[in-house]
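Notes for the one structure printed next.
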Amino acid sequence: MRPIVLSGFMATGKSTVGPLVAARLGIPFVDTDALLAEAAGMPVGELFAKEGEGRFRERETSLVLPMLDDPSPRVIGFGGGTVTIQSVRHKALERATVVTLTASAETIVARVPSLPGRPNLLTASPLQRAQDLLALRRDVYGECHVRVSTEGRTPDEIAERVLAAASLDTLAMPLGMRTYDVELADGDPSRLTAAVEELAPSSLLVVTDTNVQAARGAWLEAALRGLKTPSPPRVIAIAPGEQSKTLATVSRIWDEALAGGVDRDAVVLAFGGGVVGDLAGFAASTLLRGVRCVQIATSLLAMVDSSVGGKTAFDHAAGKNLIGAFFQPSRVLVDFEHLTTLPARQRAAGLAEVVKIALVRDTALLALLERDADAIRAGDRAAIRPVVRAAIEAKIRVVRDDERETGARALLNLGHTVGHALEAHAGYATLLHGEAVAVGTVIELAATERLGLTPAGTSSRAKAIFERLDLPTEATTAQLSAAWPFVLSDKKRASTTLKLPVVTGAGAGAVERLEIEALRRAVIG
Ligand code: GLY
């Protein structure tokens, strides 16, 4: 079990609940404020008042960052403002289960016994000050794995909720109050039941495809059985494959939702792979200007890439994903059991996105892929789980820092400029998206090597991994020439240049603006 961090405003019960949780688990409790006080030889209130907030946060940073490097199970009670330090907050989310305890400003002021020990509330109106600070910190407290209200609950009840959260394997996408969990499970439909219950939707619209419905329908039925929604879920099963990723299919989802009397409290469940997730997410983003969406990834590609990060779209005759929206889901559920029925070709296609993210962002993941490629290709779940987890973690770091792709998120498009062109040229009929990404990655890497931007040998290293994973890596000059016009409608194009993700070292990349003609010569010759 990873460490548990209890966060939240002062007087939300961190130092009462923390020892209770620790005792139930038989692990230690540490309180960062107590450690700071001990080191400074004075109470933290006095230290804060004496040195000011800036110096106090520096002390907290030097204490807490190294603490989070220690993976041993502990409950760590943070100070009320510790999570205002971004580096601490992000690291805590990566290394621990972070639970924010919440209470209203009125409750907090009533709970604080003496103001002199709480310099942050020591104003003419402590209530106003608490309200202001809560509003200022709303987003940073929102960035957690779970929020637990302490209003009307006993410490034991709160501890129960913390324990339940800590028993799950969840990765948090920190986006302020839009933060959501990517939960990893193993054959447990009840996790979807719990997620839906938490959202308390007025109605549910399930979007899936006929293949997923046939292979995974029983899992979905088990999850939905017993759910108490005012009306039974409506289900749309579209034809599988990229050919369905059209405005006509989006329209069909809109029609079904509107016929079912959708309202703002409805939830769309995307139950499938990348195509289903992108379409259902886009429909959710536009229905009534946005209803909540839960992504249940059933393909490996959806698990590691498309279900996480909020990109939604459909294809246009001019190219793939040309119309869409950034719209974050309310939750993502990755149940590894879905991989048991996923055809090997689809599994390999998803792995292409794992290789891609490793090439630009995660050298340790690249090494893991090289070490375990054979077991991964064979579908060994014990080998697949850590690479899926690491790929999601890497993607979370990218999206967290550049949600709307104004910078580094474009690195995730490695292989997609050439890959999308090949897919679009073939009418989405012969290559799966992941296969096109594998081919596109090798071709783009070879081109940027020729342009002197990528270290020599990178494309052959990538090619070797893709080949071990049973992925295609080549396209003929004739295919590339015929597909090239689709590069010109790439979203990343501006006049005669194009922004291209470039691998600059093992597990590192940069987005470079290249002349399209120079790129064409490097790709096609
Ligand atoms: N699939 C690339 C991204 O989410 O940015």
Side-chain angles (χ1 to χ4, degrees), residues 273-274 297 299-306 334 336 338-395 411-420 422-423 426 430-450 454-476 479-480 501-509 523:
S299 73
L300 199 130
L301 184 137
M303 291 176 183
V304 297
D305 191 38
S306 59
V334 169
F336 288 94
H338 297 313
L339 297 181
T340 55
T341 47
L342 188 72
R345 184 176 170 202
Q346 294 278 354
R347 184 172 69 230
L351 290 167
E353 299 281 5
V354 179
V355 179
K356 169 205 79 179
I357 198 158
L359 283 163
V360 291
R361 263 313 267 246
D362 194 332
T363 174
L365 178 56
L366 201 58
L368 192 59
L369 285 163
E370 282 174 326
R371 194 192 73 186
D372 291 346
D374 301 330
I376 293 168
R377 184 193 53 232
D380 176 347
R381 260 158 82 182
I384 288 177
R385 189 177 174 123
V387 298
V388 167
R389 199 173 195 286
I392 298 171
E393 286 178 318
K395 174 141 193 191
L411 288 176
L412 300 182
N413 298 324
L414 178 69
H416 284 62
T417 302
V418 170
H420 278 175
L422 289 169
E423 262 185 297
T430 45
L431 285 174
L432 294 177
H433 173 64
E435 292 171 339
V437 168
V439 176
T441 299
V442 174
I443 287 170
E444 287 178 18
L445 289 174
T448 54
E449 275 181 42
R450 267 177 225 126
T454 295
T458 309
S459 62
S460 42
R461 186 176 179 191
K463 189 170 192 284
I465 304 176
F466 286 133
E467 281 172 354
R468 286 179 67 200
L469 296 172
D470 262 352
L471 282 158
T473 55
E474 283 166 12
T476 63
Q479 283 167 331
L480 289 168
V502 171
V503 173
T504 52
V523 167

>> Between K463 and E474, is the side chain to side chain contact (heavy atoms under 4.5 Å, CB included) condition met? List the steps.
In response: CA-CA 9 Å; K463 189 170 192 284; E474 283 166 12; 3.2 Å; yes
Shortest non-hydrogen contact from [X] to [Y]?
X	Y	result
A438	P472	CB-O, 3.4 Å
S299	G273	OG-CA, 3.4 Å
T430	E435	O-OE1, 4.1 Å

Does the side chain of [X] reach to within under 4.5 Å of the side chain of [Y], using non-hydrogen atoms?
X	Y	result
S306	L301	yes
M303	E353	no
L300	L339	yes
L422	L480	yes
V354	V388	no
D362	I357	no
H433	H416	yes

>> Holding to salt bridge (Lys or Arg N to Asp or Glu O under 4.0 Å), I want the full list of residues that pass it with R468, two or more places apart in sequence or in another chain.
In response: D374
Rounded to the nearest 0.5 Å, what's the gap from [atom1] on [X] to [atom2] on [Y]? Could you check?
X	Y	atom1	atom2	value
K356	D305	NZ	CG	4.0 Å
L431	H420	CG	NE2	12.0 Å
L369	L351	CG	CG	7.5 Å
R347	T340	CZ	OG1	10.5 Å
L432	L471	CG	CG	9.5 Å
L445	T473	CG	OG1	11.5 Å

> When V355 is tested against each of T441, L469, L365 for side chain to side chain contact (heavy atoms under 4.5 Å, CB included), which residue passes?
Replying inline: L469
> Considering residues at least two apart in sequence or located in another chain, which fulfil the side-chain contact (heavy atoms from CB on, under 4.5 Å) criterion with T448?
Replying inline: L453, T454, L500, V502
> Does R461 have any side-chain contact (heavy atoms from CB on, under 4.5 Å) partners at least two apart in sequence or in another chain, and if so, which?
Replying inline: L366, E370, A506
> Within the side chain of Q346, is there an N or O that forms a donor-acceptor pair under 3.5 Å with the backbone of P343?
Replying inline: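 No: the side chain of Q346 does not pair with the backbone of P343.
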In chain order, what residues pass the side-chain hydrogen bond (donor to acceptor under 3.5 Å, both in side chains) check against [X], with sequence neighbours excluded?
X	value
R361	none
S459	E449
S460	none

> Checking side chain to side chain contact (heavy atoms under 4.5 Å, CB included) for the pair L359/L414: CA distance, chi angles, key distance, verdict?
Replying inline: CA-CA 9 Å; L359 283 163; L414 178 69; 4.0 Å; yes
